[in-house]
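Below, chains carry the letters A, B, ... as their sequence lines are ordered, and counting in each starts from 1. Scope of the values below: all heavy atoms of this structure, side chains included, with no hydrogens, waters or symmetry mates.
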Protein chains: 2
Amino acid sequence: MSKIKETSTHYENKKNLGSECTEIYAANLIGGQWTLAICCHLANGKLRFGELRKRIPNITERMLTLQLRKMEQNKLVKRTVYAQVPPRVEYELTESALQLNPILKQLEEWGKKHRKTMD
Amino acid sequence: MSKIKETSTHYENKKNLGSECTEIYAANLIGGQWTLAICCHLANGKLRFGELRKRIPNITERMLTLQLRKMEQNKLVKRTVYAQVPPRVEYELTESALQLNPILKQLEEWGKKHRKTMD
DNA sequence: CTGTATCCTATTTGATACTG
DNA sequence: CAGTATCAAATAGGATACAG
């Protein structure tokens, strides 16, 4: 999740597609490899960093951090830091992200049906 | 869109996420950079290769071909070749892809609202 | 017209070690 | 506990030329 170079054609294309077409913009928000996995696990309430890490198989600390930061920027998660030793940080979905849930449910339904047509 | 190496951890992770969680599987299907753009333009009926290329700004022939092939594999588009000279190839959305449309509409609605919260 | 082939750059993800 | 830093691998995307 390195910083995207703002002069590349690739960057331009992605930006243009997203700004012209809102469903593309939305798909880009949830399209990260771990984004929806994190959403699933936060759907039932807030979790700490370490809890998320344990629940999501194979994710590295690095990727978890990067995804959470990106989702925070995109206003999909809220991050709360408690001034303690040892540190305690909790993550939860924003109001906006919660409104995504019914849509994801439908996507899941569609995916189940579609999968059957794939054999 | 190079061939994915089936021994990499990256590949394993992606596969596992997609097979456990159907909404992730579905999101992966529509997550390509040009996938939804192509869907939009095919939503109102079949189009030829060249028509698609003209309507989608900045896409190269290479990327259009790659995306269409991927979508064909994923059973999102149907490809019809007419045995003529010069060649004529038409693309159209499959039944299954058409059922995705209402969901994309909702995603679009959500995106519009969400965008406002981003300032 | 509808693609392929080749080469190259950009971006994402992973492994590992380390810090406050 | 909750991250960062660094380096390397893998994947995606783009430019251009060319073929059936």
Side-chain angles (χ1 to χ4, degrees), chain A residues 1-18 24 27-28 30-35 37-38 46-72 77 79-91, chain B residues 1-18 24 28-35 37-38 46-72 77 79-91:
Chain A
M1 207 80 60
S2 43
K3 187 84 73 189
I4 191 168
K5 185 187 266 185
E6 306 197 354
T7 54
S8 65
T9 316
H10 183 180
Y11 171 80
E12 277 299 318
N13 284 339
K14 222 166 178 178
K15 202 185 69 175
N16 290 339
L17 284 171
I24 295 180
N28 283 339
I30 63 171
Q33 181 171 204
W34 304 98
T35 311
I38 294 175
K46 46 180 67 168
L47 286 177
R48 300 180 59 173
F49 184 86
E51 292 171 325
L52 271 174
R53 189 184 40 192
K54 267 177 286 182
R55 290 177 197 220
I56 302 178
N58 295 111
I59 196 169
T60 60
E61 296 170 352
R62 177 182 139 84
M63 287 316 295
L64 184 53
T65 303
L66 286 172
Q67 285 294 331
L68 285 170
R69 291 284 184 282
K70 185 178 165 192
M71 291 169 77
E72 196 189 351
V77 301
R79 180 168 177 266
T80 313
V81 184
Y82 298 89
Q84 304 176 355
V85 178
R88 172 190 187 85
V89 181
E90 286 183 341
Y91 294 92
Chain B
M1 205 80 61
S2 41
K3 187 85 68 187
I4 193 168
K5 185 188 266 185
E6 305 199 354
T7 55
S8 65
T9 315
H10 183 179
Y11 172 79
E12 277 299 317
N13 283 338
K14 223 166 178 176
K15 202 185 68 175
N16 290 337
L17 284 170
I24 296 179
N28 283 340
L29 288 188
I30 63 171
Q33 182 172 202
W34 304 98
T35 311
I38 294 175
K46 46 180 68 168
L47 285 177
R48 300 180 58 173
F49 184 86
E51 291 171 327
L52 270 174
R53 188 183 43 191
K54 267 178 285 182
R55 289 178 198 218
I56 302 178
N58 294 113
I59 197 169
T60 61
E61 296 171 353
R62 177 182 138 85
M63 290 315 295
L64 184 51
T65 303
L66 286 171
Q67 285 296 330
L68 286 170
R69 291 287 183 279
K70 186 178 165 192
M71 292 169 76
E72 197 188 351
V77 301
R79 180 167 177 266
T80 312
V81 184
Y82 297 89
Q84 305 177 352
V85 178
R88 171 191 186 85
V89 181
E90 287 183 342
Y91 293 92

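At D:dC7, none of the side-chain N or O atoms of A:R62 fall inside 4.0 Å of OP1 or OP2 (strictly under the cut-off). Side-chain nitrogen and oxygen atoms of B:S8 include at least one within less than 4.0 Å of the OP1 or OP2 phosphate oxygen of D:dT11. Taking side-chain N and O atoms only, A:Q67 has a distance below 4.0 Å to OP1 or OP2 of C:dT13. When the side-chain nitrogen and oxygen atoms of B:N13 are compared with OP1 and OP2 of C:dG14, one or more of them lie within a distance under 4.0 Å. Checking the phosphate oxygens (OP1, OP2) of C:dT2, no side-chain nitrogen or oxygen of B:R79 falls inside 4.0 Å. Between A:Y91 and D:dC1 there is no side-chain N or O to OP1 or OP2 distance below 4.0 Å. Between D:dA15 and A:T9, a contact under 4.0 Å exists linking OP1 or OP2 to a side-chain N or O. Distances shown here put every side-chain N or O of B:T65 at or beyond 4.0 Å from the OP1 or OP2 atom of C:dT2.
Counting to the nearest Å, the C1' atom of C:dT12 and the NE2 atom of A:H10 are 10 Å from each other. The distance from atom CD of A:E61 to atom P of C:dG20 is 16 Å, rounded to the nearest whole Å. Atom NZ of B:K15 is separated from atom P of C:dT13 by 18 Å (rounded to the nearest Å). In this structure, B:R69 places its CZ atom 17 Å from P of D:dG13, rounding to the nearest Å. If you measure from atom CG of A:L47 to atom P of D:dC1, you get 15 Å, rounded to the nearest angstrom. When rounded to the nearest whole Å, the span between CG of A:L66 and C1' of D:dA2 equals 14 Å. Here C:dT11 presents its P atom at 14 Å from CG of A:N28, a figure rounded to the nearest Å. The OH-C1' distance, from B:Y11 to D:dT11, rounds to 13 Å in whole Å.
Contacts with DNA chain D (heavy atom under 4.0 Å) in residues 48-57 of chain B: none are found.
We find the NZ-CD1 distance between A:K54 and A:I59 to be 14.5 Å, quoted to the nearest 0.5 Å. From A:I38, atom CD1 reaches atom CG of A:L64 across 5.5 Å, with rounding to the nearest 0.5 Å. One finds the CD1 atom of B:I56 at 9.0 Å from the CD atom of B:Q67 (value rounded to the nearest 0.5 Å). Between the CZ atom of B:R53 and the CZ atom of B:R48 there is a distance of 10.5 Å, given to the nearest 0.5 Å. Note that NZ of B:K14 and CG of A:N58 are 15.0 Å apart. Values are rounded to the nearest 0.5 Å.
For B:K14, the listed nucleotide lying nearest its side chain is D:dA12; candidates were C:dG3, D:dA12, C:dA15.
Residue B:Q33 is in sugar-phosphate contact alone, with no base atom involved, counting any heavy-atom pair closer than 4.0 Å across all strands shown.
A donor and an acceptor atom, one from each side chain of B:E90 and B:Y82, are located under 3.5 Å apart.
The closest side-chain heavy-atom distance from A:L52 to A:L68 is below 4.5 Å. No side-chain heavy atom of A:K70 sits under 4.5 Å from any side-chain heavy atom of A:L66.
Between A:G31 and A:P87, the one whose closest nucleotide on DNA chain C sits nearer the 5' end is A:G31.
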